[in-house]
Undergrad: 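What follows is a structure written as structure tokens; I'll ask about it next.
Below, chain A is the first sequence line, B the second, and so on; all start at residue 1. As a basis for the values below, the full set of heavy atoms in this structure was taken, side chains included, without hydrogen atoms, waters or symmetry mates.
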Number of protein chains: 2
Amino acid sequence: MKRITLLDVASHAGVSRATASLVVRDSPLVGAATRAKVEAAMAELGYVYNLGAARMRAARSRTAGVIIPNLTNPFFAVLLAGIESALETAGLAVILANSNESAAKQDGFVNRMREHGVDGLIVCPAEGTEQRFVDDARRWGMPLVQTLRFLPGTSADYAGMDPAAGMREAVQCLFDFGHRRIGYIAADTLHSAHTERLASFHDAMAASGLDPLFVRQIESTHHTARMAAPEIMNRPARPTALICHNDVLGLGLHRGLSDLGVMPGRDVSLVGFDNVAEADLVRPGLASVATEPFKVGEMAARLLLRRIERPDAEVLHETEPTYFVQRGSCGPVRSTVSAVEA
Amino acid sequence: MKRITLLDVASHAGVSRATASLVVRDSPLVGAATRAKVEAAMAELGYVYNLGAARMRAARSRTAGVIIPNLTNPFFAVLLAGIESALETAGLAVILANSNESAAKQDGFVNRMREHGVDGLIVCPAEGTEQRFVDDARRWGMPLVQTLRFLPGTSADYAGMDPAAGMREAVQCLFDFGHRRIGYIAADTLHSAHTERLASFHDAMAASGLDPLFVRQIESTHHTARMAAPEIMNRPARPTALICHNDVLGLGLHRGLSDLGVMPGRDVSLVGFDNVAEADLVRPGLASVATEPFKVGEMAARLLLRRIERPDAEVLHETEPTYFVQRGSCGPVRSTVSAVEA
DNA sequence: CTTATCATTTAGATCGATCTAAACGCACGG
DNA sequence: CCGTGCGTTTAGATCGATCTAAATGATAAG
């Protein structure tokens, strides 16, 4: 039992190999009657197209490489879902790799992707990725899209999100509730998503005529955030509101504050970032700036398809806007702060 | 600027194409001095191995297809992470597809995977997948591993989880707290994971000498579960404890009950399934039966590698045990139930 | 000195498709 | 009747590796 090839199909249909090839590729050159004959033969023999052989002659391979720093994080999983969805619609298969935030592993994966002959790459660069990464891709003629994180100083397509609008709405909401002492809980990682959000915080505060009370860096896990709650609330300059770099920190802190008997929305206002599903499940609900990773994924895929089609098109930076979702964790500043401190 | 081939490497190193081929494949046939020469040439020319060409002659393609029903669900995302991790260690690249619970799409993906010449498939079958699915794979000689869900009546390797241990511990814990009126909240989907967990619930109850109070089906979303809380608590046979098919239902119900002023762990005990990270963040924490999707993913990958290596090996069903994680949402049954109803 | 043995190396066919360029059949106008 | 043009079809070369089977050279044995 050997593999059925185009040649088998062709002889079974009484045409040449070349004609059969034209049929599988939906070429307009082939006549309707011939096409029907060949298609019947294909069905009858159970022919399976061999993309591997095709890729050798033709340039395209109908695959794209996707490198994600951490699949365990639902945020990236949804991003991946968006990428997969859009690429699949365009007929490209996704070859997946998980860099685990290791730039070295990431380099290895890029090599493997090249060996597989992918038509292009979508990468959310691992921490510590160097500019060289993007330059190499350009040198190799490999279409590349960065997503969610952008390597400064590089020139490549980018699909990300713009925290500005959501952040401004969040700060405005807090301001309207009377908050003036607002702290920022940052993550300890140092990629562009971090600095972008922090910068947008500073901008939004300035727009409301406020100075940040403090910026505190915390490792981005539920546990560390939870444990950091006492330290944050007991600092001399006690905040009345906190904005967190993401919902991992926001939810962790939510729980940490509750443990202390400090009720979010009443004793302190709390804002997260990403609006994960669970933000709506804690009590009170965690107000959060919604970002839409699925849409960002689709956007990244579209940029890649465009780049594959037109390698010399101008470099694009596209961002998805964010918006604030108010929930119970934000409320009016308490008139008698001393009562809380007692 | 054309592509560097093995022939270029060979002539640059002063050997034949065949020898160069042996070097890239780490064959022991080639001498040390020659190997060094060829490797130097490869580095100098920036040679990239062409897996597409190799796959045409050789059988293996160093890729595996993975089809998941829903990437947006963190549970599957972690499963995927486990699969990816183990396959990558073995040098196989993952071609990913998201069936979105559509059997038709799933069929399409299997075809695409065949066209790509994958060495094997790991599939968590979409709802409504027919037995034919597994039979086809066997007929095609395509190594196949089912994971998390098992098509009844089929014979193929399977990597899943065994809810029995965790379920028994959960029921035992509730029993020890004095609970006798225990209801089960099931999902509305009908695959094997559903029936397995439900069956393990019945077994565990029987082992404690109890009869299930009721089994209620709910669509598996946070929102529906939350909305169903009143109906569940107001039924004539009011439960003192609830076990949920997964944490999506568990967390949704946790919030729904809280909304009613029914406090989990005090007024009713609540157990989830999967032990997602967020189970520890709500207040009180949601007790949950821990399953380890990452390990299941690794297990599925191992099974596939074994099957690829030995196509005729006996069919294996492997399961990862589960265990109960107690948290605040489980507590002693209240002596005066009427007080709650007031 | 010849022959057998062993470890290396290699030429040439081959995998299954696509590409190029030419050939084919047919209708039409001169 | 011939040349031209158009829509189809095709033979043969080709992509870049691997495979088979044979050649090569060095060493050991007879």
Side-chain angles (χ1 to χ4, degrees), chain A residues 1-39 41-42 45-63 91 111-112 114-119 140-141, chain B residues 1-39 41-42 45-63 111-112 114-119 141:
Chain A
M1 154 164 160
K2 63 185 280 295
R3 176 152 202 159
I4 307 286
T5 77
L6 257 192
L7 188 56
D8 301 323
V9 171
S11 53
H12 191 266
V15 299
S16 78
R17 183 167 74 258
T19 307
S21 174
L22 291 175
V23 171
V24 294
R25 281 179 289 157
D26 273 327
S27 161
L29 286 163
V30 63
T34 322
R35 155 159 294 133
K37 256 193 313 185
V38 173
E39 277 170 351
M42 283 173 35
L45 297 178
Y47 170 71
V48 178
Y49 184 66
N50 185 332
L51 255 163
R55 134 176 7 169
M56 192 157 34
R57 281 290 302 165
R60 61 179 188 146
S61 78
R62 313 257 74 189
T63 56
N111 256 313
R112 178 162 303 171
R114 289 219 288 157
E115 296 185 353
H116 277 285
V118 296
D119 292 341
W140 297 327
Chain B
M1 153 165 161
K2 65 185 279 293
R3 176 153 202 160
I4 308 286
T5 78
L6 258 193
L7 189 56
D8 300 324
V9 171
S11 53
H12 192 266
V15 298
S16 78
R17 182 167 74 259
T19 307
S21 174
L22 291 176
V23 170
V24 294
R25 281 178 290 158
D26 273 328
S27 161
L29 287 162
V30 64
T34 321
R35 157 158 294 134
K37 255 194 316 185
V38 174
E39 278 170 349
M42 281 171 39
L45 296 177
Y47 170 70
V48 177
Y49 184 65
N50 185 334
L51 254 162
R55 132 176 8 168
M56 191 157 34
R57 281 292 298 165
R60 50 161 203 163
S61 78
R62 313 260 70 191
T63 55
N111 256 315
R112 180 163 301 172
R114 290 220 288 159
E115 296 184 353
H116 278 285
V118 295
D119 292 339

Undergrad: With B/R112, which residues qualify under side chain to side chain donor-acceptor pair (under 3.5 Å), at least two apart?
TA: A/E88
Undergrad: Sequence neighbours excluded, which residues qualify as side chain to side chain donor-acceptor pair (under 3.5 Å) partners of A/R25?
TA: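 Expected list: A/S21.
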Undergrad: Produce a footprint string for nucleotides 4-9 of chain D: one letter per nucleotide, 5' end first; B if the base is under 4.0 Å from any protein heavy atom, S if only the sugar-phosphate is, - if neither.
TA: ----BS
Undergrad: My understanding is that only residues two or more places apart in sequence, or in another chain, count here; which of them pass salt bridge (charged side-chain N to carboxylate O under 4.0 Å, His left out) with B/R35?
TA: none
Undergrad: Heavy atoms within less than 4.0 Å of DNA chain C: which residues of residues 47-57 of chain B have one? Give them sorted by number.
TA: B/M56, B/R57
Undergrad: Please round to the nearest 0.5 Å and tell me the distance separating atom CG of A/N50 and atom CE of B/M56.
TA: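 The distance works out to 7.5 Å.
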Undergrad: Might you point out which heavy atoms bring B/V23 and B/E39 nearest each other, and give the distance in Å?
TA: CG1-CG, 4.0 Å
Undergrad: Considering residues at least two apart in sequence or located in another chain, which fulfil the side-chain contact (heavy atoms from CB on, under 4.5 Å) criterion with A/R62?
TA: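 side-chain contact (heavy atoms from CB on, under 4.5 Å) list for A/R62, sorted by chain: A/L51, A/R60, A/L92.
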Undergrad: Looking at five pairs on each end of the helix from C/dC1-D/dG30 to C/dG30-D/dC1, what is the angle between the two axes, given to 10 degrees?
TA: 70°
Undergrad: Under 4.0 Å, counting only non-hydrogen atoms across every strand here, what does A/T5 touch: a base, just sugar-phosphate, or nothing?
TA: sugar-phosphate
Undergrad: Please report the interatomic distance CG(B/L29) to OG1(B/T34), rounded to the nearest 0.5 Å.
TA: 11.5 Å
Undergrad: Can you tell me how far CZ of B/R3 sits from CH2 of A/W140, rounded to the nearest 0.5 angstrom?
TA: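 Nearest 0.5 Å value for the CH2-CZ distance: 12.5 Å.
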Undergrad: Listed by chain and number, what are the side chain to side chain donor-acceptor pair (under 3.5 Å) partners of A/S61, not counting sequence neighbours?
TA: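 Listed in chain order: A/T63, A/D119.
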Undergrad: Considering residues at least two apart in sequence or located in another chain, which fulfil the side-chain contact (heavy atoms from CB on, under 4.5 Å) criterion with A/A54?
TA: A/Y49
Undergrad: Heavy atoms of chain B, cut-off under 4.0 Å: which first and last nucleotide of DNA chain C, 5' to 3', fall inside that, if you could look?
TA: C/dT8 to C/dG16
Undergrad: Name all residues meeting the side chain to side chain donor-acceptor pair (under 3.5 Å) criterion together with B/S11; count only those two or more places apart in sequence or in a different chain, and write none if there are none.
TA: none
Undergrad: For B/R114, enumerate each residue passing the salt bridge (charged side-chain N to carboxylate O under 4.0 Å, His left out) test, keeping only those at least two apart in sequence or located in another chain.
TA: none
